[in-house]
Number of protein chains: 2
Amino acid sequence: MNNLLKYIDSLTPFSERSWELLQLALTKQEFKKNEFLLKEGQVCDSLFYIDKGFCKSYYDIDGVVKNTGFFFENEIATNIISFGSGERSEFNLVACEQLSTIIFDKEKLFLAAKETPEIETLGRNCIRLFAAKQEEFSKLFKLYSAQQRLEYLETKHPEILQRVSLAQLASFLGVARETLSRIRRRRRTS
Amino acid sequence: MNNLLKYIDSLTPFSERSWELLQLALTKQEFKKNEFLLKEGQVCDSLFYIDKGFCKSYYDIDGVVKNTGFFFENEIATNIISFGSGERSEFNLVACEQLSTIIFDKEKLFLAAKETPEIETLGRNCIRLFAAKQEEFSKLFKLYSAQQRLEYLETKHPEILQRVSLAQLASFLGVARETLSRIRRRRRTS
DNA sequence: TTTAACCGGTGACATTCGTCACAAAATCAG
DNA sequence: CTGATTTTGTGACGAATGTCACCGGTTAAA
């Protein structure tokens, strides 16, 4: 819980009482590699704070896996559309390696938020960070070529390159695995 | 202010007192076509509720305009990254036609939110909707071809096609104007 | 009315990318 | 250590896209 406390403190002032109330909504949970945090078709009623390990979000489009996000330590993973609206999730969340999370239960979280506005503010800030991350990555696709997207990740998010296989990365970059190989080769030889 | 009231009511329960407090943070503002709501390099300290007309967000990449979003009546337009973090905006917001907005001033909004948790909750829900829209559109680029992206807009967001020129739309879809022409022709002839 | 500006379409051509097939290298399990 | 599996690289080829040039139709301004 220690990492989580630091994470919260970095977002908003938080009293002892708020922390005690919040803990009523929290559960530690471990996932094995390839275990699902959220499956397509389920309603997402949790926020997953990542304590150790990482997971990814992906769509299964006619049997083809399309990675759309990676979530590492000290981040929140969730389906914000499903969590907010109660609709079924269109994508999956799956552990990429042994994963330790702290789950925020939606219902209990809302109950706790009624008791203190600090929890409401925390929620707003979590969503804000989540939205900022969304915007950052969607920008890549709207503005840049595959090669430029790779270069952006290399400078701004090297942790992804270090921990994710090239096939996984290619899917995330929105190109075929072969295209990513060629981009890398072009740069080696020039 | 009537449209805004309905918008708020659709998001969260709102007392008379909350509405009166919120109004302290609100200002009506008109923009002429091609007038800027937010310029690249500025810090965004407003949420723009769109009452009438529409605007767009775009990046200027080495002199090339890349449209990234359109915002119509009954939506909030802003730069969520800049608004939340205080960093400078990397993109522009500009009126595409005569535009009537109601501006939420960030500083005054935070003051009002301290008085009542209903405003805090409203803020959380506005951000949530904004994040959901981000995710919806970024999904298009990660999963679909240009033609599929067009088809998605035609079925899910026909208002965009009705009000935006093909050149603007092509930029938003992330393809050259000519490519959009060819997609349209392919479908006519097949 | 005339002229200019804008909008949408299209042809030509080079480039890039996806797909399929296969091979080399790295990793893992027994 | 060894064989199997996974990961990565690459060649061939067709399809899709970007770029440039130009045209006709519409709209708006002079």
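Sequence lines set the chain letters: A, B, ... in the order given, protein chains first and strands last, and positions in each chain run from 1.
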### Message
Ignoring hydrogens and geometry beyond distance, is a side-chain donor-acceptor pair present between A:Tyr49 and A:Glu73 at under 3.5 Å?
### Response
no
Which atom pairs, donor and acceptor, lie under 3.5 Å between side-chain atoms of residues 53-60 of chain A and protein residues at least two apart or in another chain?
from: A:Lys56; atom 1: NZ; to: A:Asn67; atom 2: OD1; distance (Å): 2.9
from: A:Lys56; atom 1: NZ; to: A:Gln168; atom 2: OE1; distance (Å): 2.9
from: A:Ser57; atom 1: OG; to: A:Thr68; atom 2: OG1; distance (Å): 2.9
from: A:Ser57; atom 1: OG; to: A:Gly69; atom 2: N; distance (Å): 3.0
from: A:Asp60; atom 1: OD1; to: A:Gly63; atom 2: N; distance (Å): 2.8

### Query
Does A:Arg149 make a cation-pi contact with A:Phe141 (under 6.0 Å, within 45 degrees of the axis)?
yes
### Task
May I ask you to say what A:Ser181 touches in the nucleic acid, namely base, sugar-phosphate or nothing, with a heavy-atom cut-off under 4.0 Å?
base
### Task
Specify the separation, in whole Å, of atom CG of A:Leu169 and atom C1' of D:dT7.
13 Å
#### Entry: Along DNA chain C, first and last positions that approach a heavy atom of chain B under 4.0 Å
C:dG8 to C:dA12
## Note on the structure
Closest non-hydrogen atoms of B:Phe71 and B:Ala77, given as atom of the first, atom of the second and distance, are CG-CB, 3.7 Å
### Set of side-chain contact (heavy atoms from CB on, under 4.5 Å) partners for A:Ser10, sequence neighbours left out
none
#### Entry: Results of salt bridge (Lys or Arg N to Asp or Glu O under 4.0 Å) for B:Lys108 - residues two or more places apart only
none
### Query
Cut-off 3.5 Å, side chains only: do A:Glu118 and A:Ser15 have a donor facing an acceptor?
yes
### Query
What residues, two or more places apart in sequence or in another chain, satisfy side-chain contact (heavy atoms from CB on, under 4.5 Å) together with B:Glu154?
B:Leu150, B:Glu151, B:Leu161, B:Arg187
### Message
Is it true that B:Glu30 and B:Ser100 share a donor-acceptor pair across their side chains at a distance under 3.5 Å?
### Response
yes
### Query
Between B:Lys139 and A:Glu90, does a salt bridge (Lys or Arg N to Asp or Glu O under 4.0 Å) hold up when you go through it step by step?
CA-CA 10 Å; B:Lys139 173 184 80 175; A:Glu90 295 183 352; 3.0 Å; yes
### Message
Going by the rule side-chain contact (heavy atoms from CB on, under 4.5 Å), which residues pair with B:Lys28 if we only count those two or more places apart in sequence or in a different chain?
### Response
B:Met1, B:Ile102
### Task
Mind listing the residues from residues 57-71 of chain A sitting with a heavy atom below 4.0 Å of DNA chain C? Number order is fine.
none
### Query
Side chains of B:Gln162 and B:His157: is there a donor and an acceptor less than 3.5 Å apart?
no
## Note on the structure
From CD1 of B:Ile183 across to P of D:dA15 the rounded distance in Å is 17 Å
### Query
What string of B, S and - do you get for nucleotides 18-25 of chain D, 5' to 3', if B is base contact, S is sugar-phosphate-only contact and - is no contact with any protein heavy atom under 4.0 Å?
BBBB----
### Query
Roughly, in whole Å, what's the span from CG in A:Leu180 to P in D:dT7?
14 Å
Pairs of donor and acceptor atoms involving the side chains of residues 32-45 of chain A, under 3.5 Å and at least two apart or interchain, shall be tabulated with distances.
from: A:Glu35; atom 1: OE1; to: A:Lys32; atom 2: N; distance (Å): 2.6
from: A:Gln42; atom 1: OE1; to: A:Lys39; atom 2: N; distance (Å): 2.9

Show which side-chain atoms of residues 122-134 of chain A pair as donor or acceptor with protein atoms under 3.5 Å away, not counting sequence neighbours.
from: A:Arg124; atom 1: NE; to: B:Glu120; atom 2: OE2; distance (Å): 2.4
from: A:Arg124; atom 1: NH2; to: B:Glu120; atom 2: OE2; distance (Å): 3.0
from: A:Asn125; atom 1: OD1; to: A:Arg128; atom 2: NE; distance (Å): 3.3
from: A:Asn125; atom 1: OD1; to: A:Arg128; atom 2: NH2; distance (Å): 3.2
from: A:Asn125; atom 1: ND2; to: A:Thr121; atom 2: O; distance (Å): 3.0
from: A:Lys133; atom 1: NZ; to: A:Phe70; atom 2: O; distance (Å): 2.8
from: A:Lys133; atom 1: NZ; to: A:Glu75; atom 2: OE1; distance (Å): 3.4
from: A:Lys133; atom 1: NZ; to: A:Glu75; atom 2: OE2; distance (Å): 2.7
from: A:Gln134; atom 1: NE2; to: B:Glu135; atom 2: OE1; distance (Å): 2.7

### Summary
So CZ of B:Arg163 and CG of B:Leu169: to nearest 0.5 Å the spacing works out to 14.0 Å
### Query
Which parts of residues 139-158 of chain B get close to DNA chain C, meaning a heavy atom less than 4.0 angstrom away?
none
### End axis versus end axis in the helix from C:dT1-D:dA30 to C:dG30-D:dC1, the angle rounded to 10°, five pairs used at each terminus
50°
